[in-house]
Amino acid sequence: MLDGHIHTAWRQLLGPLFSPAAVAALEPNVRQRFSEILDGIVDKGECDFVQEVGLLFPNTIFMDIMGLPRADADLFQHWETEILHTGYAEPGAQERQMDAMIAVMGYFAQLIQERRVNPTDDMLSAALTWKIDGELIPDQD
């Protein structure tokens, strides 16, 4: 949702993280996460595939790449559902979407402050060192 120069700058920063070699290196972790998700539902004999696999799996991979605690997966799943999968005609939908977006921004604001003090080996910590036009990327970005 960015135009021109800024879009290109972000693509240059993010591109190496999603190169074929970088994605191939993620494969063992991706397979492990998928196995963990299946292990969590196999004993039940049934599941809501969309909720328990289709939405959870990519959310878990995003959290791993960003370096977010797996313990927060349910919280992120809730926020994602509220923001992206709530119908506009549902009562209170816009308020719930806004509440979830504010919660995500607050979560990341706190995590950014923590990573500035104690960086880890993840995308968020790396992003805190990135520059566009010689300037560190603002926290809100």
Side-chain angles (χ1 to χ4, degrees), residues 1-44 46-141:
M1 295 174 33
L2 301 170
D3 292 325
H5 168 71
I6 300 297
H7 175 84
T8 300
W10 273 105
R11 284 186 58 106
Q12 289 172 340
L13 291 167
L14 291 167
L17 300 170
F18 297 99
S19 70
V23 171
L26 294 174
E27 184 176 352
N29 182 55
V30 169
R31 288 183 179 278
Q32 178 64 33
R33 293 294 162 261
F34 194 72
S35 292
E36 290 170 4
I37 288 171
L38 293 181
D39 289 346
I41 59 175
V42 72
D43 289 338
K44 295 187 328 183
E46 65 181 15
C47 73
D48 177 335
F49 186 83
V50 171
Q51 288 296 318
E52 296 178 67
V53 180
L55 294 174
L56 179 61
F57 179 59
N59 191 33
T60 303
I61 300 305
F62 166 78
M63 294 185 70
D64 286 349
I65 291 170
M66 291 296 293
L68 305 178
R70 277 190 240 148
D72 293 345
D74 289 341
L75 187 58
F76 264 82
Q77 190 66 51
H78 169 75
W79 290 334
E80 177 187 342
T81 300
E82 290 297 305
I83 294 168
L84 300 176
H85 306 289
T86 299
Y88 289 106
E90 294 179 31
Q94 291 177 343
E95 292 82 10
R96 291 190 349 249
Q97 287 173 324
M98 185 58 67
D99 289 347
M101 285 188 263
I102 290 168
V104 169
M105 289 187 297
Y107 180 94
F108 273 101
Q110 180 180 351
L111 194 58
I112 286 168
Q113 295 308 313
E114 290 172 15
R115 289 295 199 282
R116 286 199 188 284
V117 175
N118 297 307
T120 60
D121 184 25
D122 57 40
M123 187 185 300
L124 180 59
S125 295
L128 295 176
T129 67
W130 293 347
K131 294 182 180 182
I132 294 179
D133 295 332
E135 299 289 327
L136 288 172
I137 297 169
D139 287 358
Q140 67 270 18
D141 291 353

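Side-chain atoms of Ile132 and Leu13, non-hydrogen and from C-beta on, do get closer than 4.5 Å to each other.
With hydrogens and angles ignored, the 3.5 Å screen pairs a side-chain donor or acceptor of Thr86 with a backbone N or O of Thr81. With hydrogens and angles ignored, the 3.5 Å screen pairs a side-chain donor or acceptor of Asp122 with a backbone N or O of Leu124. Distance alone, capped at 3.5 Å, is enough to place a donor-acceptor pair between the Gln97 side chain and the Ile83 backbone.
One finds the CG atom of Leu38 at 13.0 Å from the CZ atom of Arg33 (value rounded to the nearest 0.5 Å). Atoms CZ and CD, from Arg31 and Glu36 in turn, are 14.0 Å apart once rounded to the nearest 0.5 Å. Atom CZ of Arg115 sits about 12.5 Å away from atom CE of Met123, to the nearest 0.5 Å. Atom-to-atom distance recorded for Glu80:CD and Leu56:CG is 9.5 Å, nearest 0.5 angstrom. The structure places CG of Leu128 at 4.5 Å from CZ of Arg116, a figure rounded to the nearest 0.5 Å. Going from atom CG of Leu14 over to atom OG of Ser19 covers 12.0 Å, rounded to the nearest 0.5 Å.
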(request) With side chain to side chain contact (heavy atoms under 4.5 Å, CB included) as the test, would you mind laying out the steps for Phe76 and Met66 before giving the verdict? (result) CA-CA 12 Å; Phe76 264 82; Met66 291 296 293; over 6 Å; no
(request) Apply side chain to side chain contact (heavy atoms under 4.5 Å, CB included) to the pair Leu68 and Phe62, showing each step before the final yes or no. (result) CA-CA 8 Å; Leu68 305 178; Phe62 166 78; 3.9 Å; yes
(request) Before giving the answer on side chain to side chain contact (heavy atoms under 4.5 Å, CB included), spell out for Ile37 and Glu52 the whole-Å C-alpha distance, their side-chain angles and the decisive distance to 0.1 Å. (result) CA-CA 8 Å; Ile37 288 171; Glu52 296 178 67; 5.9 Å; no
(request) List the steps and the verdict of side chain to side chain contact (heavy atoms under 4.5 Å, CB included) for Trp79 and Asn59. (result) CA-CA 11 Å; Trp79 290 334; Asn59 191 33; over 6 Å; no
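The 12-atom threshold is not exceeded at NZ of Lys131, counting heavy atoms of other residues, nucleotides or ligands nearer than 6.0 Å. Counted within 6.0 Å of CD on Glu114, heavy atoms from surrounding residues, nucleotides or ligands total more than 12; the atom is thus considered enclosed. Within 6.0 Å of atom CD in Gln140, more than 12 heavy atoms from other residues, nucleotides or ligands are found, so the atom counts as buried in its surroundings. Atom CG of Asp121 has 12 or fewer neighbouring heavy atoms from other residues, nucleotides or ligands inside a 6.0 Å radius. Heavy-atom neighbours of Met101 CE from other residues, nucleotides or ligands within 6.0 Å: above the threshold of 12.
Residues Val53 and Pro58 approach most closely at O-CD, 4.0 Å, considering heavy atoms. When all heavy atoms of Pro16 and Ala22 are compared, the closest pair comes out as O-CB, 3.4 Å. Nearest heavy atoms, Pro69 versus Met63: O-CE, 3.0 Å.
At a cut-off of 3.5 Å, with distance as the only test, no side-chain donor of Arg70 or Thr60 sits close to an acceptor on the other residue.
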